[in-house]
Each structure stands twice: as structure tokens, then as C-alpha cells.
Amino acid sequence: MSDTNVEKAAAPKIEGILETAVYVADLAAAHAFYGETLGLERMTGTSRMMTYAVGPSEVLLVFHRGDTLEDTKTAGGVIPGHHSEGPAHFAFRIATDSYGKWKRHLQAKDIAILSEVNWPRGGRSLYFRDPDGNVVELATRGLWPNF
């Protein structure tokens with residue numbers, strides 16, 4: 001039977017993004033930034049990675065660049081190797097009324113704000129870099145139709 005005769009089944013529903021990953025050269029500098037400056041709670045830390053609680057069921061993975069190229073065997077199975085070069089981008093959700101507080105907090109920590117965007121739906125974004133050059137965004141409701 002050809003593909004044209006087979007009705008395509010709908011994919012099961014995805015519930016959200018569980019993990020977002022960035023790759024860094026210096027885990028200590030990354031922890032000072034994500035854990036101390038941004039105030040994220042570190043859940044685990046090893047010589048190759050750290051994990052941070054971002055929100056309910058959301059995790060930021062911070063990998064030491066180059067230490068995840070090979071597959072990693074665990075008691076439960078194999079985690080395929082992965083890697084990234086160059087600056088990545090991701091966004092954290094923030095409350096609309098905390099936008100100004102975040103801007104002042106970043107300025108007080110001498111973190112250069114790269115850009116501010118006012119979105120057509122009413123959302124606002126602050127863009128800045130982490131110590132490895134990754135572009136971090138803080139965004140309020142109104143950026144996307146589903147947020």
C-alpha cells in the first residue's frame with residue numbers, strides 16, 4: 001500500500017518543553033550567572049553539567065562544552081552524545097509587572113542589555129548575554145499567541 005492510500009495518524013500531544021540546554025566553557029562562571037545573578041535553583045551539579053529549576057516541570061541544562069560529545073551510559077540506558085558551537089538563544093518567561101525590576105537588577109549587576117523589544121501583541125523582551133555569549137531573553141506575556 002502506498003503512502004497516498006494510508007491515512008496519516010495525528011501525533012500525540014506534546015505537553016511542553018521539559019529541558020533547554022546551553023553549552024559553556026566555564027561552569028563556575030555559568031553558575032555565578034544562572035544561580036546567583038538570575039537566582040535559579042541549582043538541582044544538580046557535576047564536572048560536566050549543572051541543572052537548574054526554571055519553573056514547574058522546566059529545567060535548564062548547562063553543559064561544559066566538549067564534555068557531552070560521546071554517548072553517556074547510565075544504569076537506565078544510553079544518553080546520545082550532543083554538542084553545540086556558537087551562541088545559543090533561549091527565553092525565560094517573566095511576569096509583566098517584573099519587567100522594570102529585572103531591567104534594574106541586570107543593570108545593577110553590570111549586565112549589558114543588548115536590546116529591548118515591544119511586541120505587537122503587547123509583550124516585552126529584554127535581551128542580554130551570559131558569560132559564554134549565549135543570548136538570554138526575559139519575556140512577558142503577549143510575545144506569542146499562546147503566551
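Nothing fancy with the numbering, it's 1 onward along the sequence. Computed from a predicted structure; not experimentally measured.
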Identify the heavy atoms of [X] and [Y] that sit nearest to each other, and give their distance.
| X | Y | answer |
| --- | --- | --- |
| Trp144 | Arg121 | C-CD, 4.1 Å |
| Val135 | Arg129 | CG2-NH1, 3.3 Å |
| Ala139 | Ser125 | CB-OG, 3.7 Å |
| Val24 | Ala30 | CG2-CB, 3.9 Å |

Short side-chain to backbone donor-acceptor contact, Asp71 and Gly81, under 3.5 Å: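 Yes, Asp71 side chain to Gly81 backbone: donor-acceptor pair under 3.5 Å.
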
Side chain Asp26, main chain Ala28, donor-acceptor under 3.5 Å: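 Flag set: sc Asp26 to bb Ala28 pair under 3.5 Å.
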
Trace of the side chain to side chain contact (heavy atoms under 4.5 Å, CB included) decision for Arg48 with Thr68: CA-CA 8 Å; Arg48 70 184 274 278; Thr68 58; 3.1 Å; yes

Is there a path of hydrophobic side-chain contacts, each under 4.5 Å between heavy atoms of I, L, V, M, F, W or Y residues, that connects [X] with [Y]?
| X | Y | answer |
| --- | --- | --- |
| Tyr34 | Trp102 | yes |
| Ile111 | Val62 | yes |
| Leu114 | Trp119 | yes |

Given side chains that start at C-beta, do those of [X] and [Y] come closer than 4.5 Å, heavy atoms only?
| X | Y | value |
| --- | --- | --- |
| Val136 | Leu126 | no |
| Val22 | Asp132 | no |
| Leu38 | Leu106 | yes |
| Lys109 | Phe128 | no |
| Thr44 | Met50 | no |

Can you tell me how far the [atom1] atom of [X] sits from the [atom2] atom of [Y], to the nearest 0.5 Å?
| X | Y | atom1 | atom2 | answer |
| --- | --- | --- | --- | --- |
| His64 | Thr46 | NE2 | OG1 | 10.5 Å |
| Thr51 | Met43 | OG1 | CE | 4.0 Å |
| Lys101 | Ile94 | NZ | CD1 | 11.0 Å |
| Arg104 | Ser98 | CZ | OG | 10.0 Å |
| His105 | Thr37 | NE2 | OG1 | 6.0 Å |

Criterion side-chain hydrogen bond (donor to acceptor under 3.5 Å, both in side chains) on His83 and Glu85, from CA distance to verdict: CA-CA 7 Å; His83 184 68; Glu85 289 292 333; 2.5 Å; yes

side-chain contact (heavy atoms from CB on, under 4.5 Å), paired with Glu19, selected from Val54, Leu60, Leu61: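 Option passing the side-chain contact (heavy atoms from CB on, under 4.5 Å) with Glu19: Leu61.
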
Intermediate values then yes/no, side chain to side chain contact (heavy atoms under 4.5 Å, CB included), Leu143 and Glu137: CA-CA 12 Å; Leu143 172 59; Glu137 176 183 359; 3.7 Å; yes

Side-chain H-bond candidate by donor/acceptor type, Tyr52 with His31, under 3.5 Å: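 Note: Tyr52 and His31 side chains meet the donor-acceptor criterion.
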
Donor-acceptor side-chain pairing of His89 and Tyr127 below 3.5 angstrom: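 No.
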
More than 12 non-hydrogen atoms from neighbouring residues, nucleotides or ligands closer than 6.0 Å to [atom1] on [X], yes or no?
| X | atom1 | value |
| --- | --- | --- |
| Leu18 | CG | yes |
| Gln107 | CD | yes |
| Ile17 | CD1 | no |

Test of ring centre spacing under 6.0 Å for Phe63 and His82: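 Yes, the ring of Phe63 comes within the 6.0 Å limit of the ring of His82, centre to centre.
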
Carboxylate-amine/guanidinium contact Glu58 Arg93, below 4.0 Å: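 Yes, this pair counts.
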
Cation-aromatic face contact Arg65/Tyr23, 6.0 Å, 45 degrees: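 Ring-cation test returns no.
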
